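Being a predicted model, the structure only gives us computed values, none of them experimental. Remember, it's 1-based here, ligands and their atoms both numbered in the order they're listed. Residues: numbered from 1 along the sequence shown.
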Amino acid sequence: MSFFKRTIKDIPIDRKTVLVRADYNVPLNKKGEISDDLRIRASLPTISYLLKHSAKVVIMSHLGRPEGRDASQSLEPIAVRLSELLQKPVIFVEDCIGDKVVQAVKKAPNGSVILLENLRYYPEEEANDEVFAEKIAKSTGARYFVQDGFGVVHRAHASTDAITHYIPSVSGLLLEREYVTIAGAMEHPKRPLVAVMGGAKVSDKITVIERLVDVADKIIIGGAMANTFLTYKGHHMGSSMVEPGQEPVLDGIYQAAHKKLDTSIDEFIILPTDVAVAAEVSEAATRKNVKLGNLNETDRALDIGDATIERAAEEVSKAKMVIWNGTLGYAELPEFAHGSARLALTLATNPEIDSIIGGGDTADFVLKWDGNGGESFTHVSTGGGASLELMAGKKLPGVESLLDAPR
Ligand code: ADP
Ligand code: 3PG
Ligand code: MG
């Protein structure tokens with residue numbers, strides 16, 4: 001699949017000042033240290049490409065959801081990490097508009113990397129404010145704008161939408177790769193395509209599941225999401241996390257599945273036949289395997305069960321392409337990460353299966369699991385909401401706003 005937007009490869013960027021929007025909204029631990037740098041590493045190909053062309057690279061991003069200036073949400077630690085990864089200095093500017101930016105950009109020679117302070121220190125960013133966007137454009141004096149923050153292109157903000165009214169705007173290499181991989185998998189999947197959906201809530205992922213009913217050859221449901229499906233099917237789930245009020249949605253999903261297939265819906269939407277339970281969610285909890293129908297009042301289903309894990313691994317190993325979004329259990333606790341770990345192992349040891357992994361918690365899990373920085377999989381997406389919206393077939397404002405690809 002080719003990309004419908006112009007990219008940095010289509011423009012003459014040599015020795016130009018280029019403004020890049022990255023998504024450096026990375027998780028920080030209690031000490032304020034970066035606990036996962038996937039989004040920073042994923043931004044390197046575009047930056048390196050621009051540097052190879054002797055461009056002056058000015059990067060902007062948001063971090064968290066601060067209300068005004070908030071030192072705990074500063075991008076300064078990101079500049080340090082980026083500098084380590086690039087093995088060259090990164091100039092950090094304590095603002096994203098105004099004189100500090102003007103001076104820093106003016107002073108820096110071509111081939112420099114400059115990172116601006118958190119865009120969301122200004123409410124104008126999320127308000128998609130034109131005046132704010134124009135100030136960013138003028139302060140940086142950028143000749144081109146490059147959108148490479150895939151994780152944030154589902155937002156229509158000043159740095160994803162309004163900015164494109166002031167500078168010719170193209171896609172970076174990460175955005176292109178994410179888009180082509182994810183949209184390509186939904187539009188022209190390799191078959192059999194097995195979708196594995198898990199995580200906490202059905203309501204977060206309804207439109208994706210609805211589209212997968214059309215697109216996928218099998219859908220395996222795990223995680224707390226499975227508890228909601230199983231309750232809908234009349235199973236007693238004890239004290240498990242079940243999302244209330246989802247009956248109409250699940251009615252719709254099963255009706256669509258019936259329209260697609262005459263028989264054996266349960267072979268198409270595959271639900272657990274057993275679960276791993278504990279009485280509480282804690283480090284001390286140990287897993288107990290229980291068949292459906294045998295859960296006590298106090299049992300919480302925190303992972304898919306052993307027989308279900310075998311079944312899921314078998315289905316997945318028959319696939320040519322697997323889309324996985326949402327952990328199959330409470331994977332923060334190793335005792336309830338068996339399902340997710342087995343799925344990761346199956347994908348990592350079968351490189352002939354195209355594996356496309358999305359979702360913040362799921363990406364976190366596979367990166368911690370993988371000794372290989374995520375390289376054991378075909379694609380680990382840097383997008384949470386953005387990857388879900390793309391899978392659901394929605395238009396992304398931060399992509400739509402870019403220049404169309406040349407014919
Ligand atoms: P992602 O961020 O990958 O899209 P979600 O946010 O939808 O995934 O879901 C991940 C969360 O769901 C994790 O915090 C995980 O602990 C939780 N979860 C998964 N399975 C269960 C379960 N059976 N019971 C309770 N929480 C669960
Ligand atoms: C994300 O982490 O999903 C993106 O960076 C967008 O952040 P937001 O949900 O705060 O807009
Ligand atoms: Mg999540």
For the Mg ion (ligand 3): the N/O/S atom of Asp361 at shortest distance: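 In Asp361, the N, O or S atom with the shortest distance to the Mg ion (ligand 3) is OD2.
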Let me have the donor-acceptor pairs involving side chains of residues 234-243, under 3.5 Å, with sequence neighbours excluded, atom names and distances please.
unit_1	atom_1	unit_2	atom_2	d
Ser239	OG	Glu297	O	2.5
Ser240	OG	Met237	O	2.6
Ser240	OG	Ala301	N	2.8
Glu243	OE1	Val202	N	2.8
Glu243	OE1	Ser203	N	3.1
Glu243	OE2	Ser203	OG	2.4

Lys233 to Tyr254, cation-pi by 6.0 Å centre distance and 45° axis angle: yes
Protein residue, atom and distance nearest to atom 14 (O) of ligand 1, heavy-atom basis: Glu332 OE2, 2.6 Å
Protein heavy atom at shortest distance from atom 11 (O) of ligand 2: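 I find the closest protein heavy atom is Arg155 NE, 2.6 Å.
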Polar proximity ligand 1 side, Ala301 side, N/O cut 3.5 Å exclusive: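 By distance alone, the answer is yes.
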Exceeds 12 heavy-atom contacts within 6.0 angstrom, atom CD of Glu352: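 Enclosed: over 12 neighbouring heavy atoms sit under 6.0 Å from CD of Glu352.
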The one among Val152, Thr160, Asn25 that brings a heavy atom closest to atom 2 (O) of ligand 2: Asn25
Gly198, Ala224, Gly384, Gly199: member with heavy atom nearest to atom 21 (C) of ligand 1: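 Among Gly198, Ala224, Gly384, Gly199, the closest heavy atom to atom 21 (C) of ligand 1 comes from Ala224.
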Contact check, Lys205 vs ligand 1, heavy-atom distance below 4.0 Å: yes
Proximity to ligand 1 by part of Asn325, non-hydrogen separation under 4.0 Å: side chain
Salt-bridge present (Arg6, Asp10; N to O < 4.0 Å):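 Salt bridge between Arg6 and Asp10, a charged N being under 4.0 Å from a carboxylate O: no.
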Set of side-chain hydrogen bond (donor to acceptor under 3.5 Å, both in side chains) partners for Tyr121, sequence neighbours left out: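 Scan of Tyr121 (side-chain hydrogen bond (donor to acceptor under 3.5 Å, both in side chains), adjacent residues dropped) gives none.
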Ligand 2 contact on Arg39 by region, counting heavy-atom pairs under 4.0 Å: side chain
